[in-house]
Amino acid sequence: HYIAQKSGRPDDYSRAADKYREYLSRFPFADDYYEMEWYLADALFYSNRMKEAEREYLQLLKGPNHPYRDGATYRLMKVRRQLLVDRYGKVEVVPPDAIVERVVTSPFGGEVKVYMLTDEHKAFIEACDQVVTGEFSSPEFAEARKRDLPALTYIPAQILFEFGHYDEAR
């Protein structure tokens with residue numbers, strides 16, 4: 001992990017992640033399990049192995065009373081954002097294969113399509129809501145939350161608006 005932090009290279013983080021996973025497999029009841037799981041999730045995040053990082057952050061959130069919950073909550077939101085960008089190019093885009101949930105007639109007689117949110121968009125909105133409504137005790141992640149709060153309230157509303165869920169976007 002030290003080498004990866006110094007180099008910043010995704011392949012170094014990937015090697016570190018593999019070593020953390022090996023350690024956790026060998027010592028599933030270790031006293032430092034949550035710490036090692038945090039390092040695993042962190043290494044996966046920085047190696048761009050986002051689906052795996054998502055699973056580890058979710059796993060960390062299942063554990064009670066450890067100092068990595070704030071970081072896992074915040075990073076889960078970042079992972080889910082990146083998964084949307086990787087798949088669709090940007091967060092607030094309606095995919096070309098989106099399913100029309102219903103068609104609404106506007107007061108001016110025009111038809112407005114309301115699209116079903118993708119599972120990925122729902123997961124991202126949920127993660128944003130957890131960061132927005134959460135109380136963070138970690139100074140690092142409390143500061144990140146404070147810095148990102150305007151965007152974390154705006155972006156989910158923008159997604160809902162783009163998908164035609166205007167009442168929910170307010």
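Count residues from 1 along the sequence.
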Would you call Asp12 and Arg15 a salt bridge, taking side-chain N to carboxylate O under 4.0 Å as the test? yes
Is there a path from Val100 to Leu117 through hydrophobic residues (I, L, V, M, F, W, Y) whose side chains come within less than 4.5 Å of each other? yes
Is it true that the side chains of Asp42 and Tyr13 contain a donor and an acceptor less than 3.5 Å apart? no
So, for Gly164 and Val114, which heavy atoms are closest and what is the spacing to 0.1 Å? O-CG2, 3.6 Å
Return yes if some donor-acceptor pair links the side-chain N/O of Asp70 with the main-chain N/O of Phe141 below 3.5 Å, else return no. no
Hey, what do you get for CZ (Phe124) to CE (Met77), rounding to the nearest 0.5 Å? 6.5 Å
For Glu120 and Arg80: C-alpha separation, side-chain torsions, deciding distance, then whether salt bridge (Lys or Arg N to Asp or Glu O under 4.0 Å) applies. CA-CA 7 Å; Glu120 294 93 347; Arg80 288 180 170 171; over 6 Å; no
Does His121 reach the main-chain N or O of Leu84 with its side chain, forming a donor-acceptor pair under 3.5 Å? no
Ring-face cation of Arg75 near Phe45 (centre distance under 6.0 Å, axis angle within 45°): yes
Identify the two heavy atoms, one from Glu54 and one from Val79, that lie closest to each other, and give their separation to 0.1 Å. CB-CG1, 3.7 Å
Any idea which heavy atoms bring Gly71 and Trp38 closest together, and the distance? C-CZ3, 3.4 Å
Do Tyr23 and Phe27 have their ring centres less than 6.0 Å from each other? yes
For Ala41 and Ala53, the nearest pair of non-hydrogen atoms, with its separation, is O-CB, 4.0 Å
Between Glu52 and Arg21, is the salt bridge (Lys or Arg N to Asp or Glu O under 4.0 Å) condition met? List the steps. CA-CA 11 Å; Glu52 293 172 83; Arg21 191 177 309 284; 3.1 Å; yes
